Amino acid sequence: MNQTISQKLHPSSNPLAAYAEAPRWVKFQDQEPDEQMLLLLRRHVVTNVPWVVLVITLALLPTLFAILNPASMIGLEWLAQIPNSITIAITNLWYLIVAGIALENFLVWYFNVYLISNKRLVDVDFMGLLSYSAAETELSQIQDVEHRQGGIAQAIFNFGTVNIQTAGTQMKFIFELVPNPSKVADIITDLIPEEEDRLYRQPAHVATAPVGEVTIPQDPKEQP
Amino acid sequence: MIDASQADIPAIIEFIIVIFMGMTLLFSLLVFRQVGQMNQVLPTKLSPVVRFLALGYTGLCALAIILALVT
């Protein structure tokens, strides 16, 4: 017996996963009651390394500054005369800025998601604090799916970009740096015939009616 | 004799620090607003945690300003 894609997926319970199959813990704003989320994708966790390293370095700087005391090396001894209260305030401000950088980068990663349901693809782009955009296309609109991997990091950690060509107003959906790009492309490709089958499958009462005869479906409430 | 320009330096630095802290508070309020909006678009199991993170950051900014003003 043929299994549908949704039956083949293993539900993931990790809300921070970059690749989550059948995530029950996520909903989209306009999600229909009979719509099932099949995949949730984010950029691969490895793509967070640059900003994590930056934040750790910035967080360690005040400590390094206190230990090495570079001010005395470059002839800025007057810095030592700054009152303690101001030094503490400057340090607090520094850590607030570092925490802000970390929080913003985390949120950009967390809210930049690509969703694949049994009916459509949704691309939520969170572009910083002042703007976001959400684009969606029905599975039946998809014309071509292509995946690409390039570079050592993408080969080692198995992530890449999936390009989806559609017939809709937004011609191309790009899932950037997502884990398992070949598997994602496979799932989307397998979903298209399932969706077409669902859309074009005729109800039984129409399919069995003789030509020229109109069948009116019975109201289930009137049946004994 | 007291040099008035030297005596004012800490006050000026403190003023600049408070201004910058005010900017971080404004930034944190923007973060909080945006997180609320995104949680409506994409509600997940972690939505309350993310909202708490944003709220915590806003609280820290406010606390830092109060500390800077008091000390």
Side-chain angles (χ1 to χ4, degrees), chain A residues 12-17 20 23-31 37 40 42 78-79 81-115 122-134 136, chain B residues 2-71:
Chain A
S12 162
S13 58
N14 178 7
L16 285 174
R24 309 254 185 269
W25 36 264
V26 68
K27 284 196 164 20
F28 188 63
Q29 198 174 24
D30 306 323
Q31 189 173 340
M37 284 299 163
L40 178 139
R42 293 190 177 99
W78 60 271
L79 277 176
Q81 292 167 4
I82 291 177
N84 259 350
S85 61
I86 291 184
T87 313
I88 291 169
I90 291 174
T91 314
N92 284 347
L93 177 64
W94 180 264
Y95 281 117
L96 279 182
I97 292 169
V98 174
I101 293 170
L103 186 63
E104 198 202 345
N105 278 294
F106 168 74
L107 291 176
V108 166
W109 174 78
Y110 179 76
F111 283 124
N112 241 318
V113 297
Y114 311 108
L115 291 166
V122 182
D123 175 3
V124 182
D125 284 328
F126 183 73
M127 296 163 288
L129 293 173
L130 296 175
S131 61
Y132 82 92
S133 73
E136 59 180 68
Chain B
I2 299 167
D3 186 345
S5 61
Q6 276 188 6
D8 282 346
I9 287 174
I12 292 167
I13 294 175
E14 202 154 326
F15 178 72
I16 293 169
I17 290 169
V18 171
I19 293 284
F20 272 99
M21 282 182 173
M23 285 162 71
T24 57
L25 181 66
L26 193 69
F27 168 79
S28 70
L29 288 171
L30 273 175
V31 170
F32 187 62
R33 178 185 154 276
Q34 193 71 355
V35 164
Q37 204 173 0
M38 289 307 292
N39 277 344
Q40 281 184 342
V41 175
L42 202 74
T44 68
K45 205 162 69 177
L46 270 192
S47 294
V49 179
V50 177
R51 184 173 284 224
F52 180 75
L53 266 181
L55 187 66
Y57 182 61
T58 309
L60 275 180
C61 290
L63 191 69
I65 289 179
I66 293 167
L67 273 177
L69 289 173
V70 168
T71 52

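Note that these values count all heavy atoms, side chains included, but never hydrogens, waters or copies made by symmetry. Please read these numbers as outputs of a predicted model, since none were measured by experiment. Here is how names work: the chains are called A, B, and so on, in the same order as the sequence lines, proteins then strands, and each is numbered from 1.
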Portion of B/Val41 that has a non-hydrogen atom of chain A nearer than 4.5 angstrom: both

Counting heavy-atom pairs under 4.5 angstrom with chain A, the leader among B/Leu30, B/Val50, B/Val49, B/Val18 is B/Val50

Step by step, work out the side-chain contact (heavy atoms from CB on, under 4.5 Å) result for A/Leu115 and B/Leu42. CA-CA 10 Å; A/Leu115 291 166; B/Leu42 202 74; 3.6 Å; yes

Residue set satisfying ring-ring contact (aromatic ring centres under 6.0 Å, His included) with A/Phe111, at least two apart, ordered chain then number -> A/Phe126

By a 4.5 Å heavy-atom criterion (distance strictly below it), what part of A/Thr91 contacts chain B: side chain, backbone, both, or neither? neither

Of the backbone (N, CA, C, O) and the side chain (C-beta and beyond), which part of A/Leu103 lies under 4.5 Å from a heavy atom of chain B, both, or neither? side chain

With chain A, the option among B/Ala54, B/Ser28, B/Pro43 that has the most non-hydrogen atom pairs under 4.5 Å is B/Pro43

Which residue pairs satisfy the side chain to side chain donor-acceptor pair (under 3.5 Å) criterion with at least one member in residues 29-47 of chain B, sequence neighbours excluded? A/Tyr110-B/Thr44, B/Asn39-B/Ser47

From A/Leu107, A/Val124, A/Val113, residue fulfilling side chain to side chain contact (heavy atoms under 4.5 Å, CB included) relative to B/Met38: A/Val124

Greater than 12 external heavy atoms within 6.0 Å of B/Phe20's CZ: no

For A/Pro83, all residues meeting side-chain contact (heavy atoms from CB on, under 4.5 Å), sequence neighbours excluded: A/Ser85, A/Ile86, B/Pro10

Say you draw a straight line from CD1 of B/Ile16 to CG of A/Leu93; how long is it, rounded to the nearest 0.5 Å? 11.0 Å

Rounded to the nearest 0.5 Å, what separates atom CD1 in B/Ile13 from atom CD1 in A/Ile90? 6.0 Å

Portion of A/Gln31 that has a non-hydrogen atom of chain B nearer than 4.5 angstrom: neither

When only heavy atoms count and the cut-off is under 4.5 Å, which of residues 56-63 of chain B reach chain A? B/Tyr57, B/Leu60, B/Cys61

